[in-house]
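A, B, ... follow the sequence lines: proteins, then strands. Residue 1 opens every chain.
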Number of protein chains: 2
Amino acid sequence: MVEDTKERIRAVALELFTAHGYEQTSLREIADRVGITKASLYYHHPSKQALLVAIVEPLLRDWRMMVERLEAVPHTPEHVRDALGECLNTLLRHREACALFARDVPALLTAVGPVLVEAKELGTRMNAWLAGPEPSQADLVRAFAATEVLNSALASAVMLPSVPQAELRATLLDAAAAVLGLTQADPTTGTAGRPGL
Amino acid sequence: MVEDTKERIRAVALELFTAHGYEQTSLREIADRVGITKASLYYHHPSKQALLVAIVEPLLRDWRMMVERLEAVPHTPEHVRDALGECLNTLLRHREACALFARDVPALLTAVGPVLVEAKELGTRMNAWLAGPEPSQADLVRAFAATEVLNSALASAVMLPSVPQAELRATLLDAAAAVLGLTQADPTTGTAGRPGL
DNA sequence: GTCTATAATTAGATAGAC
DNA sequence: GTCTATCTAATTATAGAC
């Protein structure tokens, strides 16, 4: 395969960055694990920062697409529930990179500030949509809390490894919906109720 | 005052660690900001690690006391709601140190591993109590998600600075309760309902 | 208690041979 | 593409004068 080494470096780096943090991981560690030297690593990735960007970029692209898809849709209870589900999917699809984002903010901020700024902006837009049109301050807080519930999927997988992912997904989706004041979805129809609208 | 400098160092260090991360903050920065040199800093705190421990210890002590108080109390809806409130109070009382814990896990793990291990254990015990006796897997996940909702108070304060703290507190408390399946508290009596038990 | 000076280590990054 | 060897800069930490 072409560029095989480059990909292997990326994979190893993601793993080590997520496990020990960006600053705590040296390029020597990554190179050792891949089975090459630091100098060879630099042949494929021009800097540690660039390596991080290469890791984080795909996640950001997916996230951007998701938010844009979202904003084209009206804020109804069904769409809100769907949005939470899609958000959870995106989170789980990029689980490791998301964990890196969530757990290593300060390091990423100094290393790739602009990238984190866009990530934060996407989060804000997502929350704004979730809060609905003309939101109260409580709506904004609830939207924020709901996304945190979904985020907890990352930590839950580590803290509660015995819970199967399907159950984790379903439970967190209901929990996030509950935070937003949506009632439980009807399991027979998959349709959510419409309270407080 | 006795030990005034030592306290000033602690305060500045907490501020910088929280803002830029533990690894990203050098002792030179801290010393500069306090208005002394690195060598003087070492007179008061024997190492960077010890400085971190001095910062984190009070938070851990409060947290430990809270969890122990909690475990002595039966798992009823009212007590659960009270527990969420107490948890939120502890979180807000140590806001900066908590933010450091939440945002800089990898750095803290390598610097003060054992301390983080105890923090994690306390979190686990808190979640176990919240999940109730003989919890289902869904109960465990919900307990975890509920604490994440409370945690979001730290980030909310930054992301939604216009929301007054009282409203933030009340909204998050209701949100966490909703995650656990408790209904809205009656605003006139402050008593929660008892659904699904 | 605070300073100057410096040791010891490590990191990211580069030059140039093969 | 990968290597050996090296550079530069920054960090934690210490020694010892005042």
Side-chain angles (χ1 to χ4, degrees), chain A residues 1-57 100 104 106-116, chain B residues 1-57 100 104 106-116:
Chain A
M1 282 171 212
V2 202
E3 303 275 316
D4 184 29
T5 308
K6 191 169 180 175
E7 280 303 302
R8 270 171 54 225
I9 294 171
R10 226 173 52 99
V12 169
L14 172 55
E15 191 185 325
L16 292 180
F17 286 168
T18 308
H20 309 132
Y22 175 74
E23 291 282 345
Q24 284 71 35
T25 305
S26 72
L27 295 179
R28 196 184 56 75
E29 282 180 90
I30 298 173
D32 282 359
R33 181 91 141 237
V34 174
I36 58 176
T37 62
K38 254 193 317 178
S40 300
L41 193 155
Y42 271 96
Y43 172 81
H44 296 281
H45 297 274
S47 72
K48 191 184 185 184
Q49 203 184 94
L51 178 53
L52 178 60
V53 171
I55 286 174
V56 145
E57 196 86 311
L100 183 58
D104 214 11
L108 270 60
L109 193 62
T110 57
V112 286
V115 173
L116 255 205
Chain B
M1 282 172 212
V2 202
E3 303 274 315
D4 184 29
T5 309
K6 191 170 180 176
E7 281 302 304
R8 270 171 54 224
I9 294 171
R10 228 174 50 98
V12 169
L14 173 54
E15 191 184 327
L16 292 181
F17 286 167
T18 308
H20 309 133
Y22 175 73
E23 291 283 345
Q24 285 71 37
T25 305
S26 72
L27 295 179
R28 198 185 54 76
E29 282 180 271
I30 298 173
D32 283 359
R33 181 93 140 236
V34 175
I36 58 177
T37 62
K38 258 194 309 179
S40 299
L41 193 153
Y42 271 95
Y43 173 82
H44 295 280
H45 296 275
S47 73
K48 193 185 184 183
Q49 202 184 93
L51 178 53
L52 178 59
V53 172
I55 286 175
V56 146
E57 196 86 310
L100 182 58
D104 213 10
L108 270 61
L109 193 63
T110 58
V112 286
V115 172
L116 254 205

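Applying the ring-ring contact (aromatic ring centres under 6.0 Å, His included) test to every pair with at least one member in residues 26-55 of chain A, sequence neighbours left out, gives no pairs at all. Sequence neighbours left out, the pairs with a member in residues 10-41 of chain A that pass ring-ring contact (aromatic ring centres under 6.0 Å, His included) are A:F17-A:Y22. For the salt bridge (charged side-chain N to carboxylate O under 4.0 Å, His left out) condition, no pair includes a residue of residues 34-53 of chain A, sequence neighbours left out.
A:L41 has its CG atom 12 Å from the C1' atom of D:dG1, to the nearest Å. When rounded to the nearest whole Å, the span between NE2 of B:H44 and C1' of D:dA13 equals 16 Å. What separates NE2 of A:H45 from C1' of C:dT14 is a distance of 18 Å, to the nearest Å.
Across A:S47 and A:A50, no two heavy atoms sit closer than the pair OG-N, 3.0 Å. Nearest heavy atoms, A:G21 versus B:P106: CA-CB, 3.5 Å. Heavy atoms only, all atoms of each residue included: B:L14 and B:I55 are closest at N-CD1, 3.6 Å.
Using a 4.5 Å heavy-atom cutoff, the side chains of B:L108 and B:L52 are in contact.
Using a 4.0 Å cutoff on non-hydrogen atoms, no part of residues 47-57 of chain A comes near DNA chain D. The stretch residues 14-37 of chain A comes close to DNA chain D through A:I36, A:T37, each having a heavy atom under 4.0 Å from the strand.
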Only distances under 3.5 Å count here; give the side-chain donor-acceptor pairs of residues 29-36 of chain A to other protein atoms, sequence neighbours excluded, each with its distance to 0.1 Å.
{"unit_1": "A:E29", "atom_1": "OE2", "unit_2": "A:S26", "atom_2": "N", "d": "3.1"}
{"unit_1": "A:D32", "atom_1": "OD2", "unit_2": "A:R28", "atom_2": "NH1", "d": "2.9"}
{"unit_1": "A:R33", "atom_1": "NH2", "unit_2": "A:E15", "atom_2": "OE2", "d": "2.8"}

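Remark: B:S40 is not in phosphate contact with C:dG1, judged by side-chain N or O atoms under 4.0 Å from OP1 or OP2. Proximity of B:T5 to the phosphate of C:dT2: a side-chain N or O atom is located under 4.0 Å from OP1 or OP2.
Residues satisfying the side-chain contact (heavy atoms from CB on, under 4.5 Å) criterion with B:L109, sequence neighbours excluded, are B:L116. By the side-chain hydrogen bond (donor to acceptor under 3.5 Å, both in side chains) test, B:S40 pairs with B:T37, sequence neighbours left out. Under the side-chain contact (heavy atoms from CB on, under 4.5 Å) criterion, A:A19 pairs with no residue at all, not counting sequence neighbours.
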Distances for protein N/O vs nucleotides 14-18 of chain D N/O pairs under 3.5 angstrom?
none

